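Read through the structure below, which is laid out as structure tokens, and then see the notes.
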Amino acid sequence: MHVLILGGTTEARRLAELLHRTPGLTLTSSLAGRVASPRLPPGEVRIGGFGGVEGLTAWLGEHRVDALIDATHPFAGTISFHAALAAATAHVPLLALRRPGWVPVAGDDWHEAGSLEEAARALPALGRRVFLTTGRMGLAAFADLDDLWFLVRSVDAPEAPHPARMEVLLDRGPFTLDGERELLRRHRVDVLVTKDSGGAATAPKLTAAREAGLPVVVVRRPPVPEGVRVVAEPEQALRWLVARTSFPAAG
């Protein structure tokens, strides 16, 4: 059985660890290549795009893929829709592995936005010193906000266009609550912008913002393509695969 994992997330790496060296299984993890030094999962790894729906469909057929797991970032909407179309065309079973989104709790001051552009439009009424944690892609949405100052945290350095008044912090999660508290204090942040990525690795910033009484602009994640089954945990994806073949569950 050949399993292709569209990865790049903690959940994708965990699933690859569960499946690695399973007798009777060939595992390939595919990474988009947007991060200069990605954390590689065990097993065979390919880096780069497939060339759209047609390219992915062809790859599934040429490599005799028996199951496709979309474990990409919750905001990697394009590849998820490509995966759904390619899987349907190639008649390959598809499962989406998505960590649950964050849920506000008492004391949170969240402002939901449907896009980065909508988040940018909301900022002038909420604060002047912005902690922007949406990654290096999409900074153009905030480039015209010359009256605001931005602290941009990303794994790799961002490229133009981006806000004129900007400090870049190159870092990779997981982050600690004490570290996030100190960061907000040191930079005098008065508003946080984040995508609803979910997971524990970057969640401490939400707690720190709540404690400080800061507004948080939360960009909603795009929907999973219609008709695609979704699970939240790598172990659930493993059980889905076990139900479709005879190889034993990893131990």
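Residue indices begin at 1 and follow the sequence shown. Quick note: numbers below take in every heavy atom, side chains included, and nothing from hydrogens, waters or symmetry partners. Just so you know, these numbers come straight off a predicted model, no measurement behind them.
Using a 4.5 Å cut-off between side-chain heavy atoms of Ile, Leu, Val, Met, Phe, Trp and Tyr, with links allowed through other members, Val3 and Leu68 fall into different hydrophobic clusters. Under a hydrophobic-cluster definition in which Ile, Leu, Val, Met, Phe, Trp and Tyr are linked whenever side-chain heavy atoms come within less than 4.5 Å, directly or via other members, Val152 and Val193 are assigned to the same cluster. When hydrophobic clusters are built by joining Ile, Leu, Val, Met, Phe, Trp and Tyr residues whose side-chain heavy atoms come closer than 4.5 Å, directly or via intermediates, Leu169 is not grouped with Phe175. A chain of hydrophobic side-chain contacts below 4.5 Å, direct or via other Ile, Leu, Val, Met, Phe, Trp or Tyr residues, connects Ile79 to Val230. Hydrophobic clustering of Ile, Leu, Val, Met, Phe, Trp and Tyr side chains at less than 4.5 Å, counting indirect connections, unites Trp240 with Leu18.
Closest approach of Val217 and Ala119 over heavy atoms only: CG1-CB, 3.6 Å. The shortest heavy-atom contact between Arg244 and Pro93 is NE-CB, 4.3 Å. Of all non-hydrogen atoms in Met166 and Pro158, the two that sit nearest each other are CE-CG, 4.3 Å. Leu170 approaches Ala157 most closely through the heavy-atom pair CD2-N, 3.6 Å. The two residues Pro41 and Leu31 make their nearest non-hydrogen contact at CD-CD1, 4.4 Å. Scanning all heavy atoms of the two residues, the minimum distance from Ala120 to Ala141 falls at CB-O, 3.3 Å.
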Go through the steps to decide whether Arg39 and Thr10 satisfy the test side-chain contact (heavy atoms from CB on, under 4.5 Å), and finish with yes or no. CA-CA 9 Å; Arg39 293 172 177 169; Thr10 300; 5.6 Å; no
For Asp109 and Val216, run side-chain contact (heavy atoms from CB on, under 4.5 Å): C-alpha distance rounded to whole Å, both residues' side-chain angles, the deciding distance at 0.1 Å, then the answer. CA-CA 6 Å; Asp109 180 15; Val216 179; over 6 Å; no
Kindly indicate, with the supporting measurements, whether the criterion salt bridge (charged side-chain N to carboxylate O under 4.0 Å, His left out) is fulfilled by Glu180 and Lys205. CA-CA 6 Å; Glu180 300 293 62; Lys205 63 190 173 188; over 6 Å; no
Would Arg210 and Asp108 satisfy salt bridge (charged side-chain N to carboxylate O under 4.0 Å, His left out), going step by step from the backbone distance to the final call? CA-CA 5 Å; Arg210 183 190 317 124; Asp108 281 327; 2.9 Å; yes
Go through Asp178 and Thr176 one step at a time and tell me if the side-chain hydrogen bond (donor to acceptor under 3.5 Å, both in side chains) criterion holds. CA-CA 5 Å; Asp178 285 344; Thr176 67; 5.9 Å; no
Derivation and outcome, salt bridge (charged side-chain N to carboxylate O under 4.0 Å, His left out), residues Arg14 and Glu235: CA-CA 9 Å; Arg14 173 58 181 157; Glu235 291 76 11; 3.5 Å; yes
List the steps and the verdict of side-chain contact (heavy atoms from CB on, under 4.5 Å) for Phe142 and Leu132. CA-CA 10 Å; Phe142 305 89; Leu132 188 58; 3.7 Å; yes
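No donor-acceptor pair closer than 3.5 Å links the side chain of Arg221 to the backbone N or O of Lys195. In this structure, Ser154 contributes its side chain and Thr133 its backbone to no donor-acceptor pair below 3.5 Å. Of the possible polar contacts, one joining the Asp190 side chain to the Arg128 backbone as a donor-acceptor pair under 3.5 Å is found. Side-chain atoms of His187 never come within 3.5 Å of backbone atoms of Val189 as a donor-acceptor pair (strictly under, hydrogens ignored). Without hydrogens or angle criteria, Trp102 side chain to Gly199 main chain gives a donor-acceptor distance under 3.5 Å. No donor-acceptor pair under 3.5 Å is formed between the side chain of Arg188 and the backbone N or O of Leu184. Of the possible polar contacts, none joining the Thr9 side chain to the Thr72 backbone as a donor-acceptor pair under 3.5 Å is found. Checked by atom type and distance alone, the side chain of Asp66 pairs as donor or acceptor with a backbone atom of His2 at under 3.5 Å. Using modelled atom types, no side-chain atom of Arg121 and backbone atom of Pro124 make a donor-acceptor pair closer than 3.5 Å.
Partner of Leu27 under the side-chain contact (heavy atoms from CB on, under 4.5 Å) criterion, chosen from Thr22, Ile69, Leu4, Ile5: Ile5.
Classification of the His63-Trp59 ring pair by plane angle, with boundaries at 30° and 60°, yields parallel.
One finds a salt bridge joining Arg185 and Glu182 here, because a Lys/Arg side-chain nitrogen approaches an Asp/Glu carboxylate oxygen to under 4.0 Å. Salt-bridge check for Arg136 with Glu159: failed, with every basic side-chain N at 4.0 Å or more from each acidic carboxylate O. Using a 4.0 Å cut-off between a side-chain N of Lys or Arg and a carboxylate O of Asp or Glu, Asp196 and Arg220 do not qualify as a salt bridge.
When the shell of 6.0 Å around CZ of Arg186 is examined, it contains more than 12 heavy atoms from other residues, nucleotides or ligands. Open room surrounds CG on Asp144; 12 or fewer heavy atoms of other groups in view lie less than 6.0 Å from it.
Between Val228 and Glu226, every side-chain heavy-atom pair lies at or beyond the 4.5 Å cut-off. Between Glu117 and Ser115 there is a side-chain heavy-atom pair separated by less than 4.5 Å. Between Asp70 and Ser80, the closest side-chain pair of non-hydrogen atoms falls below 4.5 Å. Put simply, the side chain of Phe81 does not reach to within 4.5 Å of the side chain of Val53, judged on heavy atoms. Looking at heavy atoms from C-beta onward, Arg98 lies in side-chain contact with Val224 at the 4.5 angstrom threshold. Looking at heavy atoms from C-beta onward, Phe131 lies out of side-chain contact with Leu214 at the 4.5 angstrom threshold. Contact annotation: the side chain of Leu151 approaches that of Leu183 to within less than 4.5 Å [non-hydrogen atoms, C-beta and beyond].
Atom CG of Leu97 is separated from atom CG of Leu6 by 11.0 Å, given to the nearest 0.5 angstrom. With rounding to the nearest 0.5 Å, the separation of CD in Glu54 from CG in Leu56 is 11.0 Å. We find the CG-OG1 distance between Leu19 and Thr26 to be 11.5 Å, quoted to the nearest 0.5 Å. Between the CG atom of Leu123 and the NE2 atom of His111 there is a distance of 10.0 Å, given to the nearest 0.5 Å. Annotation: the span from Arg13 atom CZ to Ser29 atom OG amounts to 10.0 Å, rounded to 0.5 Å. In this structure, the separation between CG on Leu192 and CH2 on Trp110 is 10.0 Å, given to the nearest 0.5 Å.
Judged by a 6.0 Å distance limit and a 45° cone about the ring axis, Arg46 is positioned over the six-membered ring of Phe50. Under the 6.0 Å distance and 45° angle rule, Arg129 does not count as a cation-pi partner of Phe150.
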